[in-house]
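For reference, the structure is listed below as structure tokens.
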Amino acid sequence: MSVSVAVLAGGLSLERDVSLRSGRRVAEALASRGHRVTRLDLDDGLVTAVATGDFDVAYLALHGKAGEDGTIQGLLDVLGLAYTGPDAVASALAWDKAVFKGLARREGLATPDWIAVSSDAVRNMGAGQTLDRVVARLGLPLVVKPSQGGAAMGVRVLHAAAELGPALMTGFSYHDHVVVERFVAGTEIAVSILDHEPLPAVEIVPRDGAAYDFAARYTHGATDFYVPARLGDAVLARAQDLALRAYDLAGCRHVARVDMIVDTDGQPWLLELDTCPGMTETSLLPVAANSAGLAFPDLVDRIVRLAVTAHAPV
Amino acid sequence: MPSIELDPNLSRYSQRTRGMKASEIRALFAVATRPEIVSLAGGMPYTAALDYAAVDEVTTGVIRDHGPIALQYGSGQGLPALRERLVEVMAAEGVRATGDDLVVTTGGQQALDLIAKLFCDPGDIVLAEGPSYVGALGAFASYEAEVRHVEMDGEGLLPAALEDQLTRLDAEGRRAKFLYTVPNHQNPGGVSLSLERRHEVLAVAQRHDLLVVEDNPYGLLDFKGETRPALRALDPDRVLYVGTLSKIFSPGIRVGWVAAPESIRDKLVQLKEGADLCQSNLTQFIAERWLGTQPWLRQVDEYRRVYRERCEALLTELSAELPAGCSWTDPTGGFFVWLTLPEGLDSGELLAKAISARVAYVPGRGFFADGNGSRHLRLSFCFPQPDEIREGVRRLAEVLHAEVELVRALYGGREQDRGAAGTPLPLHRER
Ligand SMILES: Nc1ncnc2c1ncn2[C@@H]1O[C@H](COP(=O)(O)OP(=O)(O)OP(=O)(O)O)[C@@H](O)[C@H]1O
């Protein structure tokens, strides 16, 4: 079955560059599997391009706001074009870290304790005076991250209370809401889910003890990956279970990736659910799929088929 | 269990490329190229200001009259006829040289690369203004040189700071390989080294037997049409002079050059041959014909007029819109204004917000090799139209006002004694 695919990548998001890399790679792989591929950027010509393009399906290789928060998904729903990945509602739920962590905790999923801080509260309500309380409740070290966004942009780890102010300022540069989270020491892993099936957990070990920051993510060789993660079967089973529950909690379909840290007691802690996982050469989902015997072109082909089949009129 | 090998060549890369990392800042600039965003970031000359009928005549003429030679290999030192023309370009700024002193390079950037290759072993020290041209810092870093910055102010490099650095190095028993400086309309500072300081800098260099690399891409783009004596004109034996046609004609032809004493020149020719055998003959012929048959100085006047108008638009809008506590340089010419932010603001951390507000600039840290520069940023006025520049400044101003307000609210006026920025996820530190 060969289909006509619009690969959507780019957009105005801060992760445009990463998205373009994902898109390029996905487009090549789909073409190599015999699909007809058209690459589209997100701009004011998008609706016309989709309406006149005679596509069977859109592959969303978008990272960052409009691509991951449900915006594009909602638009494609209106246009009646099938697309890959979770739908608009699932995307919107997972996109905001404070929202999804809240949902997760309600459902009894382990996620590190956190406090959300909004720039509005700082600017207009004196929230700057509460920083000591934040530190008192969560302890140190802390992780500060924009509530929305990815690629570890604007994420800071801090070891002293005095660093909280500047870290909040950094976070606010990326989004008006910031999550201040308890730091979990342990092993960072990612479990990708493909059509409700967990793929092997990928263990992430940045070289030289560095953080898994932007450079560690997108520089070849800056990070070592172990698949499956070197954690023992019981822990891996717990991690996969947590990942599946997170996937279902948001109501995901096709594919998603769940990031977590397994602490020294073997307890996995949910960091976030990514509804549009990176597809670059150093991204985690392709690494996991590959170790499960699914080469990159097979992976994207599978995802496209899932999207087309789900959309087929019964 | 071994880790997954995503890059089969990983063990093959050279030691000196270890520092090459993906950078968040560079990724953010991928957004800045979209038309929705006013970019005050790039340093692209406004080539639309060229007389394209004249360019057409020149390029057609080159193919018609010199086709087989223009499309052939050339000599490592560069086309002799072009070197004679480049001597005339230097003369327009009062620099004496002969065609034989020159090596033609692929823009000024290759000249910097070859110079670094010639002089720098890993760990060697190079002095440069702080802030300094990011491309030069990159070239020096690629040969693993260590850059130490010399402070500057509105009149350029501080001779006393240079003396200090050299004395400190003497005390460490170390020696700087050379001083790299952009004395005219500096990138990113926009300021020029005053005449008095030119003499002082050279006097310091003489006392410490320091070689000077003078990079002069913007010299002819003085807003008042003034020229300042080149360091090379004042002390020809001590100064390597790097020139380029990128800002006075076209960056697309990639023609730059170095003027150097004979011993250095001979080595540069060999390095040039090793790098790419020779400069493109085609673009050398085009450059030669442009300089030989067209009123190229009139074109420079036109560029100057365009840039002066844009600079004024930028400065006027900055004065009208920016919050108190910001300050900026008053460019003598060239492409750039260097902006200092109020206490508590960090230009690197702010870039994401600026890009979301659809304006881009270059954060100051990129212009320092030592992590400094976080309270500064570079604005360029060379490429956008005056109206776009004004709109860009308004967007930037809105971001800055909001940020100042937020910082004040967060620290309640105690921003001086706030802690250092959180360290352990140190994103986008250049190299
Ligand atoms: N609570 C925590 N404890 C320890 N480290 C953390 C914690 N939260 C985040 N980190 C570190 O910071 C990195 C970035 O955090 P996070 O995954 O939340 O950001 P993101 O920008 O959403 O990333 P992504 O691109 O995966 O969507 C993580 O990969 C991890 O290394």
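We name chains A, B, ... by the order of the sequence lines, and we start the count at 1 in each one. Just so you know, these numbers come straight off a predicted model, no measurement behind them.
If you measure heavy-atom distances from A:Leu20 to chain B, you find no contacts under 4.5 Å at all. Interface remark: B:Ala32 contributes no atoms to any contact with chain A (heavy atom separation under 4.5 Å). Proximity to chain B (any heavy atom under 4.5 Å) is shown, for A:Asn290, by neither the backbone nor the side chain. Heavy atoms closer than 4.5 Å to chain B are found nowhere in A:Leu142, neither backbone nor side chain. Both the backbone and the side chain of A:Val122 have a heavy atom closer than 4.5 Å to some heavy atom of chain B. The contact between B:Leu10 and chain A is made entirely by side chain atoms (from C-beta outward), counting heavy-atom distances below 4.5 Å.
Among B:Ala30, B:Ala22, B:Ala354, the residue with the largest count of heavy-atom pairs under 4.5 Å with chain A is B:Ala22. Comparing B:Val31, B:Leu351, B:Asp7, B:Ile37 by how many heavy-atom pairs each has under 4.5 Å with chain A, the most go to B:Val31.
Ring planes of A:His159 and A:Phe183: tilted class, angle from 30 to 60°. Between B:Phe383 and B:Tyr46, the two ring planes are perpendicular [angle over 60°; tilted spans 30° to 60°].
Of the N and O atoms on the side chains of A:Thr71 and A:Asp69, at least one donor lies less than 3.5 Å from an acceptor on the other residue. When only modelled atom types and interatomic distance are considered, B:Thr340 and B:His376 share a side-chain donor-acceptor pair under 3.5 Å. Inspection of the B:Glu349 and A:Tyr174 side chains reveals no N or O donor paired with an N or O acceptor under 3.5 Å.
Heavy-atom contacts from other residues, nucleotides or ligands closer than 6.0 Å to CD of B:Glu321 number more than 12.
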